[in-house]
Amino acid sequence: MSQYGPQPVERDLPTDEARDLLALVRELIQREIAPTAAEEERAGTFPRETFRLMSRSGLLGLPYPEEYGGGGQPYEVYLQVVEELAAARLTVGLGTSVHSLACHGLAGFGSKEQRTEHLPDMLGGGLLGAYCLSEPSAGSDAAALRTRAERDGDDWVLTGTKAWITHAGIADFYTVLARTAEDGAHGITAFLVPGDAEGLTAAPPEHKMGLNGSPTAQLHFDGVRVPDERRLGDEGQGFAVALSALDSGRLGIAACAVGVAQAALDEALAYTLGREQFGHPVADFQGLRFMLADMATRIEAGRSLYLAAARRRDAGLPFTQQAAMAKLFCTDAAMQTTTDAVQLLGGYGYTADFPAERYMREAKVLQIVEGTNQIQRMVIARRLAGPESGR
């Protein structure tokens, strides 16, 4: 291979086991994901069999304890796997992050009996999860959610609608946040709901700008009965469950963003080195070389930022502010980098014959999911200067 042009990312991994894991992931990507990514995204095909294979291979439970069937890997390793998957196909990288988010409530707040009963199948048994927080009228203001859970004997009865749910209609289980008391953020409780629960239905998938292979839809709860043993954590603890999950989930989105940006840089680099104009490779022109340099710098900075936050998480240190910073910077960097990639490819970048336009469309959603980047700025500013006056 030439010393110039796209190269595999040189990764700083803590163990030989982690290096072997990344080699396994790259092999799986080349065999199972990359060859059909563009075609399946164009057709809106969800790669369910790929996720089953990943589950059997241990890739859907990497950051969770081995005693429950997880991989026992630190977050800094797990996120680099997510980055590699997202670079190959965002539907797979984002889906992996969402599945991990859906497992977080049970792993972090469930009882030992609940973890023993459910986690092995969720982490390595071929199941796929989804996370249900947002609603049609409660997105950024998650404490305003209205989906209700009312006690009926040993059961809870869930009624309401969730919105913008990744994997809606195809997930095997849902981690659902519902209101159990009229007490604002303190009146929310988390539940683990089976995907085949009676009264649970999904609306038709949304027609999105990008990420067409990943279904996003509303989820309707029409008197869905959930036994109390599927309640995660204490009654009224759901908002804490949600915030804890989102801190980790934002790092997953940051890793996805770096992966998409890396894929866009690789495409732009290969094109500009191979395309000639005025008798020279396009990459010889200084203005374009500077664009490539800026793209690479943004990617490296983003990768360092999300890994620094992950290492704080692994060390048991607070990382809310760092997760918000990583999500904000990495997704903004991905949007700029993918836009630059389209520009560097010229007219070809605007056609579906090249993946640059897909990367640009996919980068946009990463600035929105898991809390918009405006919300990330609010989180960071509150950590720096305290709550806004009057709040």
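For residues 97-136, the ring pair (Phe, Tyr, Trp, His ring centres under 6.0 Å) pairs, not counting sequence neighbours, are H99-F173.
With a 6.0 Å cutoff to the six-membered ring centre and a 45° limit on the axis angle, R231 does not count as a cation-pi contact of F191.
By the 4.5 Å heavy-atom criterion applied to side chains, L85 and M54 are counted as neighbours. Taking the side chain as every heavy atom from C-beta outward, T189 and Q237 never approach each other to under 4.5 Å. The shortest distance between side-chain heavy atoms of E198 and R225 does not fall below 4.5 Å.
Side-chain atoms of Q367 and T372 form no donor-acceptor pair, as typed in the model, at a separation below 3.5 Å. Using a 3.5 Å distance cut-off with no hydrogens or angles, the side chains of E83 and Y306 do pair a donor with an acceptor. Side-chain contact annotation: Q336 with D340, donor-acceptor N/O pair under 3.5 Å present.
For the residue pair A334 and A261, the shortest heavy atom distance occurs at CA-CB, 4.0 Å.
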*asked:* Run N373 and Q376 through side-chain contact (heavy atoms from CB on, under 4.5 Å) and show every step you take.
replied: CA-CA 5 Å; N373 282 6; Q376 306 312 314; 4.0 Å; yes
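By the 30° and 60° cut-offs, the orientation of the rings of F51 relative to F46 is parallel.
Tracing side-chain contacts under 4.5 Å through hydrophobic residues (I, L, V, M, F, W, Y), one never reaches V176 starting from L133; they form parts of separate clusters.
Take A203 and apply the side chain to side chain contact (heavy atoms under 4.5 Å, CB included) test, not counting sequence neighbours, and it matches Q218, H220.
Paired with F221 under the rule side-chain contact (heavy atoms from CB on, under 4.5 Å), one option of L158, T161, V157, T159 passes, and it is L158.
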